[in-house]
Every structure is written in structure tokens, then in C-alpha cells.
Amino acid sequence: ASRCQGIPFISTLCTNMAIRNRYSTFIFTLFWSRTALRTVAFAPPRNLPCSRQGRTTARMSSTETYMETLSKAASEAMGKYIELKSTSGGGYSGGGGASTSAVMDQDGNKYFVKAAAGGADMLKAEYMGVKEMFETHTIRVPEPVAYGTHQSRAFVIFEYLDFVGSGSQFELGRQVAKLHRSFSDKGFGFHIDNTCGATPQPNGWMDNWVDFWDTHRLGQ
């Protein structure tokens, strides 16, 4: 994972790119600091103790606190007991009515949490899209851990990434190019609609990227 100097990863500021891959036209995630767009520094992924294939939709009991629901979701995803507590470093959200925060487990591992009232579909799509990007093993994105709901609030938990300066623009270009080589035999689209901020983005499959872009992006 990229290790950073206290500037947290934010997963919501993005550009719409027609990417022909397993999730073709899913939004490509950029990273936002307090003042400007930055490039992540590229380093080997941190090995989180969770399954990359599994995901958790946490169900809360009537007496559970928000932090208990987050802990339960992380525990089920990782296959072991996790107790999460609030910590510093959540940063700023990129829109769509979402809030961001950071939590830490009993072993000192830090996680990034994004939450939104009534945002279950939005955050589920974000979880699934980032998971698709993560599993290409091309460009460095945070490993998704779990998503779920607490009362009327939806949440998604990610690996916590920090920024470490400007990084390499050349390496960023190489990794984006590799990402674009992850093709889908369905054409251009994604198996779930998503959003960019609060703006809905339909992702129905189409045969070519020009039609997709015209219909599902310019036409929206």
C-alpha cells in the first residue's frame, strides 16, 4: 500500500473514462488531498487479513452502535474478531452527501470508512467497482473490506492508504494502460449502475465505447 504523510485516500473524486475491461466504463478513481489532486506513490499492496473474494453486508441488531456494526462487518469479512474504534485521518468526502472517517482495530491497523444516509446502492457500487480494479493488480487502489448498513446509514470499509508526495506520472500512465487491457467479452459497461458524486451513471452493456459514452455519459 502506499504509505503516506497523513493525507488520506478519498475514493469519490473521479473522472469518467470509457475503460474497456471487466468493468469497462466504471469510473476511474483518483485521489484527493486537502488542496489538490495528487498521484499516489506506488508500492506493493499491504497484506490485509481479509478475503478478497468475500464481502459482508452487515445486519445490525436494534441495540448495536454504529461502531459495533462496522466491527461486525469487518470481522465477518476478515474471518476473525475485529474491534474498531474511531481515529484521526478521515479527510474530506468528494460529494454525493457522503462523509468519510478513519477507524483503527485492536492491532493498530487503520481503515478508511465512507458513509451516507440512504446511500446503500451508491456505496455498494463503489465497493464493487473498486474491488474490480483491485483484482486487476494493475493500478494501486485500496482493498475493499466490507459494506453494510446501520439504521438509515450505509457504509463501506476500505484499506487505508496514505500519500507520499507526488509519485511517478510515468508509472501512473503505465498502470492505467495496463488497467485498460483488462477486457470484458460483454463489451463496454458494468454489471451494476453507479454514481459520480450524486449523479447517477447507468452502465448497461454496449458493443462499442462511442455508443456507450454518447448514451450513458453525454446523454445523462
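Only heavy atoms go into these numbers, but all of them, side chains included; no hydrogens, no water, no symmetry mates.
Residues Lys131 and Phe158 form no side-chain contact, since every pair of their non-hydrogen atoms from C-beta on lies 4.5 Å or further apart. Within the 4.5 Å cutoff, no side-chain heavy atoms of Leu172 are placed close to those of Gln175. Asp211 is not listed as a side-chain neighbour of Asp214, based on a closest heavy-atom distance of 4.5 Å or more. Side-chain contact between Leu218 and Trp213 is present, with heavy atoms from C-beta onward closer than 4.5 Å.
Ser184 contributes atom OG, which lies 9.0 Å from atom CD of Glu132 (distance to the nearest 0.5 angstrom). How far CD1 of Ile192 is from NZ of Lys124: 5.0 Å, rounded to the nearest 0.5 Å. Here the OG1-CD distance, from Thr65 to Gln151, works out to 9.5 Å after rounding to the nearest 0.5 Å. The OG1 atom of Thr215 sits 4.0 Å away from the CE atom of Met206 when rounded to the nearest 0.5 Å. Rounded to the nearest 0.5 angstrom, Leu70 CG and Leu84 CG are separated by 6.5 Å. Atom CZ of residue Phe155 and atom OH of residue Tyr127 lie 11.5 Å apart, to the nearest 0.5 angstrom.
The two residues Ile82 and Ala74 make their nearest non-hydrogen contact at CG2-CB, 4.0 Å. Between Ile157 and Tyr111 the shortest heavy-atom distance is CG2-CB, 3.8 Å. The two atoms that bring Phe134 and Arg140 nearest to each other are CE1-NH1, 3.8 Å, heavy atoms only. The shortest heavy-atom contact between Val145 and Ala77 is O-CB, 3.2 Å. Residue His216 comes nearest to Gly204 through the heavy atom pair NE2-O, 3.3 Å, listed as atom of the first residue, atom of the second, then distance. Contact record, Tyr66 with Ala115: OH-CB, 3.5 Å, taken as the closest heavy-atom pair.
Between Glu68 and Lys72 there is no salt bridge, since no side-chain nitrogen of the basic residue lies less than 4.0 Å from a carboxylate oxygen of the acidic one.
With sequence neighbours excluded, no residue forms a ring pair (Phe, Tyr, Trp, His ring centres under 6.0 Å) with Tyr81. Here Asp107 pairs with Lys80 under the salt bridge (charged side-chain N to carboxylate O under 4.0 Å, His left out) rule; sequence neighbours left out.
A cation-pi geometry, defined here as NZ or CZ lying under 6.0 Å from the six-membered ring centre and within 45° of its normal, does not hold between Arg217 and Phe212.
Side-chain heavy atoms closer than 4.5 Å link hydrophobic residues (I, L, V, M, F, W, Y) into clusters, and following such links, even through other members, never connects Met104 to Phe112.
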- Applying side-chain contact (heavy atoms from CB on, under 4.5 Å), run through Val103 and Lys110 and close with a yes or a no. CA-CA 6 Å; Val103 295; Lys110 202 170 182 179; over 6 Å; no
- Pair Thr69-Glu64, side chain to side chain donor-acceptor pair (under 3.5 Å): steps then yes or no: CA-CA 6 Å; Thr69 303; Glu64 271 183 357; 3.0 Å; yes
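At distances below 3.5 Å, at least one donor-acceptor pair connects side-chain atoms of Asp193 with backbone N or O atoms of Asn203. With hydrogens and angles ignored, the 3.5 Å screen pairs a side-chain donor or acceptor of Gln106 with a backbone N or O of Glu83. Formation of a donor-acceptor pair under 3.5 Å by the Thr87 side chain with backbone atoms of Ala102 is not found in this model. Using modelled atom types, no side-chain atom of Glu159 and backbone atom of Pro142 make a donor-acceptor pair closer than 3.5 Å.
By the 6.0 Å contact criterion, CG on Asp121 is open, its count of non-hydrogen atoms from other residues, nucleotides or ligands being 12 or less.
A donor-acceptor contact closer than 3.5 angstrom is absent between the side chains of Gln201 and Thr195.
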